[in-house]
Amino acid sequence: FLLLVSAAGRAEVFRGGEPKGVAMWSNESHKVAPDGFTGVQPVVIVEEKEMTIVWGDSKTAGGTEKAWKAAVFHRSAESISAAALDAGPTGSAAMLYTVDIKRGYLYLSSHKDSKLLNASAVSTFVSKCYK
């Protein structure tokens, strides 16, 4: 899949290191806690109006590879930003992704509502990335 998209010449591909960040959960009185995605090395594929984010096989994401499609709403020579929504029977999440091309970082921020945990959360992550 990555080879096909890259071969088309229309996409930019960024590869990242293990994301690290913080999370605040409503059921924990929004206490700031370190968070991360152990063993995950995200890949971001940016096309003209869409960003595909592949998180890899994360134990915290259920042990399966996760991929999201996000709508690009900002693009400059220095950064590209996109937003995605993920909703289902167990909850919902609104996610903001930014690739800082100039400094080599991928940022993810999310707002979640988890029916399984009866809680809401906000989290933000950063991953060193390269083209």
Side-chain angles (χ1 to χ4, degrees):
F1 173 73
L2 293 177
L3 294 175
L4 293 175
V5 173
S6 297
R10 301 180 319 218
E12 295 178 84
V13 178
F14 300 89
R15 299 180 188 285
E18 191 172 281
K20 293 179 175 34
V22 296
M24 295 186 294
W25 286 87
S26 62
N27 59 349
E28 296 174 356
S29 299
H30 294 104
K31 182 177 123 188
V32 176
D35 201 353
F37 286 90
T38 305
V40 172
Q41 295 184 331
V43 175
V44 178
I45 304 160
V46 181
E47 297 179 88
E48 184 178 338
K49 295 182 181 186
E50 186 174 76
M51 183 183 286
T52 302
I53 303 92
V54 181
W55 279 101
D57 187 8
S58 171
K59 291 179 184 176
T60 60
T64 59
E65 186 166 283
K66 298 287 185 178
W68 287 273
K69 297 282 187 183
V72 172
F73 64 86
H74 168 78
R75 179 188 298 265
S76 72
E78 296 183 355
S79 67
I80 304 166
S81 294
L85 298 174
D86 186 15
T90 60
S92 63
M95 299 165 286
L96 171 64
Y97 300 93
T98 296
V99 177
D100 181 337
I101 300 167
K102 182 177 179 178
R103 294 163 199 90
Y105 290 102
L106 166 64
Y107 296 101
L108 158 63
S109 294
S110 69
H111 295 178
K112 298 178 188 178
D113 176 43
S114 174
K115 292 180 182 177
L116 290 174
L117 300 175
N118 190 31
S120 57
V122 61
S123 57
T124 189
F125 301 93
V126 62
S127 170
K128 185 67 178 158
C129 71
Y130 59 92
K131 218 171 184 186

- Query: Leu108 and Ile101: same hydrophobic cluster, using ILVMFWY side-chain contacts below 4.5 Å?
  - Reply: yes
- Query: Where do Val32 and Met24 come nearest, in terms of heavy atoms and distance?
  - Reply: CG2-SD, 3.5 Å
- Contact summary for Lys128 and Gly104, nearest pair of heavy atoms: CD-O, 3.2 Å
- Item | Pairs touching residues 95-111 that satisfy salt bridge (Lys or Arg N to Asp or Glu O under 4.0 Å), sequence neighbours left out | Glu78-Lys102, Asp100-Arg103
- Message: For Ala87, is there any backbone N or O sitting under 3.5 Å from a side-chain donor or acceptor partner on Ser92?
- Response: no
- Task: Check ring pair (Phe, Tyr, Trp, His ring centres under 6.0 Å) between Phe125 and all other residues, then give those that pass, not counting sequence neighbours.
- Result: Phe37
- Query: Do Tyr105 and Ile80 share a hydrophobic cluster (ILVMFWY, side-chain heavy atoms under 4.5 Å, transitive)?
  - Reply: no
- Could I get the full list of salt bridge (Lys or Arg N to Asp or Glu O under 4.0 Å) partners for Glu12, not counting sequence neighbours? Arg75, Lys131
- Note on the structure: Rounded to the nearest 0.5 angstrom, the CG-CG distance for Asp113 and Asn118 is 8.5 Å
- Message: Contact between Glu50 and Thr52 at the side-chain level, heavy atoms closer than 4.5 Å - yes or no?
- Response: yes
- Smallest heavy-atom separation, Ala11 atom then Glu47 atom, equals CB-CG, 4.0 Å
- Message: Quick check: closest heavy atoms across Pro19 and Val40, and the distance to 0.1 Å?
- Response: CD-O, 3.5 Å
- Query: Are Val126 and Val22 linked, directly or through other ILVMFWY residues, by side chains that come within less than 4.5 angstrom of each other?
  - Reply: no
- One should read off an interatomic distance between His111 NE2 and Thr124 OG1, to the nearest 0.5 angstrom, of 9.0 Å
- Message: On a heavy-atom basis, which atom in Ser79 and which in His74 lie closest, and how many Å separate them?
- Response: OG-NE2, 3.5 Å
- Item | For the student: nearest non-hydrogen atoms of Ser123 and Lys112, plus distance | OG-CE, 4.4 Å
- Item | Close side-chain approach of Glu48 to Val72, heavy-atom, < 4.5 Å | no
- Message: Taking Thr38's backbone N and O only, do any of them form a donor-acceptor pair with Glu18's side chain (distance below 3.5 Å, no angle check)?
- Response: no
- Rounded to the nearest 0.5 Å, the CZ atom of Arg15 sits from the OG atom of Ser127 at a distance of 12.5 Å
- Message: Let me confirm one number: the OH-OG distance from Tyr97 to Ser110, rounded to the nearest 0.5 Å.
- Response: 8.0 Å
- Message: Within this structure, what is the CG-CH2 distance for the pair Asp86 and Trp68, rounded to the nearest 0.5 Å?
- Response: 6.5 Å
- Query: Can you tell me how far the CZ atom of Phe73 sits from the CG atom of Leu96, to the nearest 0.5 Å?
  - Reply: 5.0 Å
